[in-house]
Each structure stands twice: as structure tokens, then as C-alpha cells.
Amino acid sequence: MLSEKSAGTKELERNQFISLAARCVLHDWSPDQARSEIHSLNPSSLPSIAEVDHARAKIGNHHIPLDLAAAIDMLFEIGIPGIPDDAEHYPGNVNYYLAAGWLERYERGEQAAADYVWKHCRAAREQYPTGHPAWADVLILEAMFYCHTASRGDAAGNLRRAIALFEEARPCYSPDDRNWMTRSLEAATLEHLWLVDHDTSHLRVALDLMEEARGCFEPGNPAYERLLDQEVSLWKVIIQNRITPLLDQKQFEQFVSEALSLSEEIGRASCRER
């Protein structure tokens, strides 16, 4: 039986779009040369839409070397004939997916991926009207990029840039949409910024954001439990560091009450399953 790694590699090798990108790397094609090669192919030899989509989804895959990922990216700029005009292949969405893939590579330490993240985020932003939820999704991706750059450069500056993007994105989502995730990510970034500059006002805002995030769900929702865990961690930081101005007794007691109530519900559910 093939190992998971070799099976995944074989799957990538069978993809005609990725094979075409490999030829780009092998022959060091320029965009014009690659465009000419694509136009010379018979329709039956062109990669299928499924192969194009698969390559897009795998651009951040660790099995794909950086030069091959760059070639795949170039082919998306050139375009393959026959791509349908639907939401899945809307240029803004495609650029967002590519930016997300390059962000995965950047998170693994590939510094060259940073330029690609920026390129596709900027391109995606131009495809959506300001204030649209999809436009806000791009802001969140950019904010996450800044969070990752914090450990490699101007930590405080990059974290503040990320927070500004989170703040800009938040009003674009409805309360029952992804608004909770934006608040959760922003709260985590504020906590990280506090570790850098020790400004306790960051933690005050973070607490309020976590409370708002929990308000997007009923207590029985699994996401509510994850948010509660994050807020527990935040309160621990405040208590362990004796940040007394933030110890709002009423707010803390309300949080503890909700946490205990959820714990009891989980306990009863566990007993019923036995």
C-alpha cells in the first residue's frame, strides 16, 4: 500500500495543470512562452476544470516546491481556456484562495511567499465592493498575515496593522455570520500586543470582544465552548499578572457563572451517553 505521502505525490503528478506548471519550471518559460504553449494545445489536451481547481487548492501543499508553486501561480494569471463564469471561478474568489495558499507557505517559513500573499490580496480586494463580506474576508486574511509577520519584524507595528484590519472588517458581517470569528481573532491579537507593549487597555477591549463573540451563539454550540476556552485563558492572564483595573467583579462573576453552567451541561450530556 502506498504511504500517504507518496499517494499524495502521485495524485499531484497526475494533474495535467500541475504537469504543465512543471514544464514551465523545467524550461524556464516566461509568461509569454507559457501562454503560447497553452494556446498551441488541442482542447482535449487542456487541463480539466477539476484539475485547475485541484491545483489551486494545493498551492500551499508542502509536497509542491516553491518554484513549482510560482509556476502554478503564473498559469492562473495567464488563464486556461474554458474556465466557467461562475462564483467558484470569480476572479476575486480565485485570488483569495491563492492568497490563502501562499499564506500557508509563509507560515511554514517561506519568506518569498509574502509577495504572493500581498499580490493576491490586493487583486481580490479590487474585485469586491468596499464593505462586502467577501471584501472583509480579504482584510481578515491580510490581518492574519500581519500577525505572522509580527515574529519576524516590527512586532507592535504589525500587530496594530492587523487589529486595524480586524476593526475595519467587523462591521461588514452580520451577527449570525462570521462576526464571531473576527472578534475572536482580534481578541487574540490584542492579547499578543499586550505581551509586546504591556498596555492593559488591549486586554479590556479583548474581553469585550470575547463577550460579543459568545453572544453570537447559544451555549450548546461547539463554537461557544471554544470561545469560552479562549476567554478562560484571557482571564488567567489578567489574574496571574494582577491587572486589577480589569478585574470587573460583575463581569467576571457573570463569566464564571456561564462557564460553570456550560460545564454542568457537558457533564450531564456525558452521563446520558454512558
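What you are looking at is a predicted structure, and each value in this text was computed from that prediction instead of being measured. Along the sequence shown, residues are numbered consecutively beginning with 1.
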Non-hydrogen atoms of [X] and [Y] that approach each other most closely:
X	Y	value
Pro129	Trp135	O-CB, 3.5 Å
Asn95	His120	OD1-ND1, 2.8 Å
Gln127	Ala123	CG-O, 3.3 Å
Val138	Cys121	CG1-O, 3.4 Å
Glu104	Gly60	OE1-O, 3.8 Å
Ala143	Ala162	O-CB, 3.4 Å

Original post:
Between Phe17 and Phe76, does the ring centre distance come in under 6.0 Å?
Top reply: yes
To the nearest 0.5 Å, what is the distance between [atom1] ([X]) and [atom2] ([Y])?
X	Y	atom1	atom2	value
Leu190	Leu203	CG	CG	8.0 Å
Leu209	Arg204	CG	CZ	10.5 Å
Leu98	Lys119	CG	NZ	8.0 Å
Tyr173	His132	OH	NE2	10.5 Å
Asn221	Arg214	CG	CZ	13.0 Å
Thr130	Glu168	OG1	CD	8.0 Å

Side chains of [X] and [Y] in contact at under 4.5 Å (non-hydrogen atoms):
X	Y	answer
Trp235	Leu207	yes
Cys24	Met74	yes
Arg160	Asp197	yes
Gln230	Ser184	yes
Ile64	Ile59	no

> How about His202: does its NE2 atom have over 12 heavy atoms from other parts shown lying under 6.0 Å from it?
Replying inline: yes
Please say yes or no: joined through hydrophobic side-chain contacts below 4.5 Å, possibly via intermediate residues, are [X] and [Y] part of one cluster?
X	Y	answer
Phe166	Val205	no
Leu234	Phe217	yes
Leu159	Leu141	no
Leu193	Leu165	no
Met181	Phe145	yes

Exercise for the section: Using only heavy-atom distances, determine whether the side chains of Asn42 and Ser44 contain a donor-acceptor pair under 3.5 Å. Expected result: no
Q: Establish, from distance only, whether the side-chain atoms of Asp53 and His89 form a donor-acceptor pair under 3.5 Å.
A: yes
Parallel, tilted or perpendicular: ring planes of [X] versus [Y], cut at 30 and 60 degrees:
X	Y	answer
Tyr90	Tyr128	tilted
Tyr146	Trp118	perpendicular
Trp194	His198	perpendicular

For His27, the ring-ring contact (aromatic ring centres under 6.0 Å, His included) test, sequence neighbours excluded, returns Trp29
key: Check against side chain to side chain contact (heavy atoms under 4.5 Å, CB included), Asn179 and Glu212   = CA-CA 9 Å; Asn179 210 8; Glu212 291 172 9; over 6 Å; no
Using atom types as modelled and distance alone, determine if a side-chain donor or acceptor of [X] lies under 3.5 Å from a backbone N or O of [Y].
X	Y	result
Arg161	Glu142	no
Asn15	Glu51	yes
Asn93	Ala87	yes
Ser36	Asp32	no

| field | Ile38 vs Leu75, side chain to side chain contact (heavy atoms under 4.5 Å, CB included): CA-CA, chis, key distance, verdict | value | CA-CA 9 Å; Ile38 290 169; Leu75 291 179; 3.8 Å; yes
Stepwise side chain to side chain contact (heavy atoms under 4.5 Å, CB included) test for Met210 and Glu191: CA-CA 12 Å; Met210 290 308 303; Glu191 183 179 348; over 6 Å; no
